[in-house]
Colleague: 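Before I ask anything, let me first share the structure, which is written out below as structure tokens.
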Amino acid sequence: MTQYIQVAEIEHDEPVEIPSEDDGSLLVSTLAAQFPGACGLKYRNPDTGNFRGVRLSEGLLYPPDGVWGSHVYVVVFPKLQPAVTVPERSDEGEIHYIPSLCDNKRKGDNELENPSAKTKRLEQKKCTDLIVLGLPWKSTEDDLRSYFSKFGDLLLTQVKREPKTGQSKGYGFVRFANYDSQLKCLAQRHMIDGRWCDVNIPNSNEMNSPPSNRKVFIARCSENITADHLRDYFIKFGEVIDVFIPKPFRAFAFVTFLDPEVAQSLCGEDHIIQGTSVHVSSAAPKFPAKGAGERRDGAGVEIGIGTMGDGTGIETGTGSIEIGIMIAEVGIRDQDLPVEGILT
DNA sequence: GTTGAGCGTT
């Protein structure tokens, strides 16, 4: 018959009573329902003062000596080793000296906190948007929020819909404020409104970007994001020397930084600007451009048009225009250059 | 009003 087992998240914390199965064993999934991400239990052995682990087999925890008794058990969570617990993407080969992506701090303001390098790396691991697959058609942003907030504070909830009908496409995105929330969330499946849903790091976050460029590509811009918004937002990471938004609206932009390091450090990240989650990636094209400048390595010719003076690139307005052609190890984005009509 | 693998109006 069912026993109730006292379990606390940390020792001396207030315990929660968790039901066993009829045979006395405890499903890890039952445990995880109260303590998301939990993978085991331990308890203090009164004889030695040491912690003792509870036996785990096939997703079931078994009571020591056959009875759970009146111990207060303590939840065991997976060690925070991202390489093991999280499906890593290729964008993590280097340490990012970023205290937290989510509060958007950068080098220069992190010297005082975070003593050990190892801790630092863990704490600094960035939160990305997470894709939630398999949502019920009726699930809303509010439903996502109320479900996922048990893992921690949320910075974004989004259900993707058909623009015309508003009908859900059955998936959405969430983003946590803290990386441990993200880890816990990724470690399990989710029952949302009667359906099992999967949470993953979206494939669209893959960043196999080639090296150094001061210009980054800002994807998923919404129409209400202006050049000033972008400049004001990104200035906190380093000096912004150009912002380019195509007209008419094309849902992307370019931001150029003075320091290529800054540009590179932002690649692969998601940022929330004017309530929209935008994605930063290298301004180099994913595929070689078609046509004249094409090369097998994706490099090509970049044609720049701009006014003289501050060197910040394309601007509008009157005045003399300088046309320059620069051979560079940068590819051409097709979006970059419908310029034939202007070269007169 | 239906559906059930996917990847966000480059």
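All chains are named by letter (A, B, ...) in the order of the sequence lines, taking the proteins before the strands, and each is independently numbered beginning at 1. Bear in mind that the values here come from a model prediction, so they are computed numbers and not experimental data.
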Colleague: May I ask you to decide if A:Val54's main-chain N or O and A:Tyr73's side chain share a donor-acceptor pair within less than 3.5 Å?
Modeller: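 No, because the side chain of A:Tyr73 does not come within donor-acceptor range (under 3.5 Å) of the backbone of A:Val54.
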Colleague: Is A:Leu60 isolated, or which residues cluster with it under the ILVMFWY side-chain rule of less than 4.5 Å, directly or via members?
Modeller: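 Members alongside A:Leu60: A:Leu27, A:Tyr62.
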Colleague: Starting at atom CG of A:Asn200, determine the distance to atom P of B:dG8, rounded to an integer number of angstrom.
Modeller: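 It works out to 14 Å between those atoms.
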Colleague: On DNA chain B, check which nucleotide each of A:Val132 and A:Ser222 is closest to and give me the residue with the more 5' one.
Modeller: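 Looking at the nearest nucleotide for each, A:Val132 comes out on the 5' side.
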Colleague: So, is A:Lys160 near the phosphate of B:dT9, with a side-chain N or O under 4.0 Å from OP1 or OP2?
Modeller: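 Looking at the OP1 and OP2 atoms of B:dT9, one of them is under 4.0 Å from a side-chain N or O of A:Lys160.
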Colleague: With distance as the sole criterion, is a donor-acceptor pair present between the side chains of A:Asp228 and A:Thr226 under 3.5 Å?
Modeller: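 Distance-only check fails for A:Asp228 and A:Thr226.
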Colleague: Would you say the side chains of A:Asn178 and A:Ser181 form a donor-acceptor pair under 3.5 Å?
Modeller: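 Short answer, no.
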Colleague: Write down the distance between CD1 (A:Ile218) and P (B:dT9), rounded to a whole number of angstrom.
Modeller: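 Checked: the CD1 to P distance equals 16 Å.
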Colleague: When the distance from CZ of A:Phe254 to P of B:dT10 is rounded to whole Å, what number comes out?
Modeller: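 One finds 13 Å between P of B:dT10 and CZ of A:Phe254, rounded.
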Colleague: Using atom NE2 of A:His279 as one end and atom C1' of B:dG8 as the other, report the distance to the nearest whole Å.
Modeller: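 About 10 Å, once rounded to whole Å.
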Colleague: Classify the nucleic acid contact of A:Ser277 as base, sugar-phosphate or nothing, counting any heavy atom under 4.0 Å across all strands shown.
Modeller: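 Base contact.
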Colleague: Figure out the NZ/P separation between A:Lys138 and B:dT2, and round it to whole Å.
Modeller: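 For the pair A:Lys138 NZ and B:dT2 P, the rounded distance is 13 Å.
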Colleague: Of the listed nucleotides (B:dG8, B:dT10, B:dT9), which one gets closest to any side-chain atom of A:Phe249?
Modeller: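 Closest of the options to the side chain of A:Phe249: B:dT9.
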Colleague: Within a strict 4.5 Å, meaning less than it, do heavy atoms of the A:Asp142 and A:Tyr147 side chains meet?
Modeller: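 In short, these two side chains do not touch, never coming nearer than 4.5 Å.
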Colleague: Could you tell me how far apart A:Arg250 (CZ) and B:dG8 (C1') are, to the nearest whole angstrom?
Modeller: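 Nearest whole value for this atom pair: 18 Å.
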Colleague: Between P on B:dG6 and CD on A:Gln158, what's the gap in Å once rounded to a whole number?
Modeller: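 These atoms are roughly 21 Å apart.
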Colleague: With the criterion being N/O to N/O and under 3.5 Å, what pairs connect the protein with nucleotides 3-5 of chain B, and how long is each?
Modeller:
{"residue": "B:dT3", "atom": "O4", "partner": "A:Gln167", "partner atom": "OE1", "Å": "3.4"}
{"residue": "B:dG4", "atom": "N7", "partner": "A:Arg195", "partner atom": "NH1", "Å": "3.4"}
{"residue": "B:dG4", "atom": "O6", "partner": "A:Trp137", "partner atom": "NE1", "Å": "3.1"}
{"residue": "B:dG4", "atom": "N1", "partner": "A:Leu135", "partner atom": "O", "Å": "2.5"}
{"residue": "B:dG4", "atom": "N2", "partner": "A:Leu135", "partner atom": "N", "Å": "3.4"}
{"residue": "B:dG4", "atom": "N2", "partner": "A:Leu135", "partner atom": "O", "Å": "3.1"}
{"residue": "B:dG4", "atom": "N2", "partner": "A:Gly170", "partner atom": "O", "Å": "2.8"}

Colleague: Under 3.5 Å, is there an N or O donor on one side and an acceptor on the other linking the side chain of A:Asn203 and the base of B:dG6?
Modeller: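 No, no donor-acceptor pair under 3.5 Å.
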Colleague: Keeping the roles fixed (side chain from A:Arg250, backbone from A:Ile245), state whether a donor-acceptor pair exists under 3.5 Å.
Modeller: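 Such a contact is absent between A:Arg250 side chain and A:Ile245 backbone.
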Colleague: Could you tell me which residues satisfy side-chain hydrogen bond (donor to acceptor under 3.5 Å, both in side chains) with A:Glu223, sequence neighbours excluded, listed by chain and number?
Modeller: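 Testing A:Glu223 for side-chain hydrogen bond (donor to acceptor under 3.5 Å, both in side chains), a comparison that skips the adjacent residues, returns none.
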Colleague: To the nearest Å, give me how far apart NE2 (A:His271) and C1' (B:dG8) are.
Modeller: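 Value for this atom pair: 16 Å.
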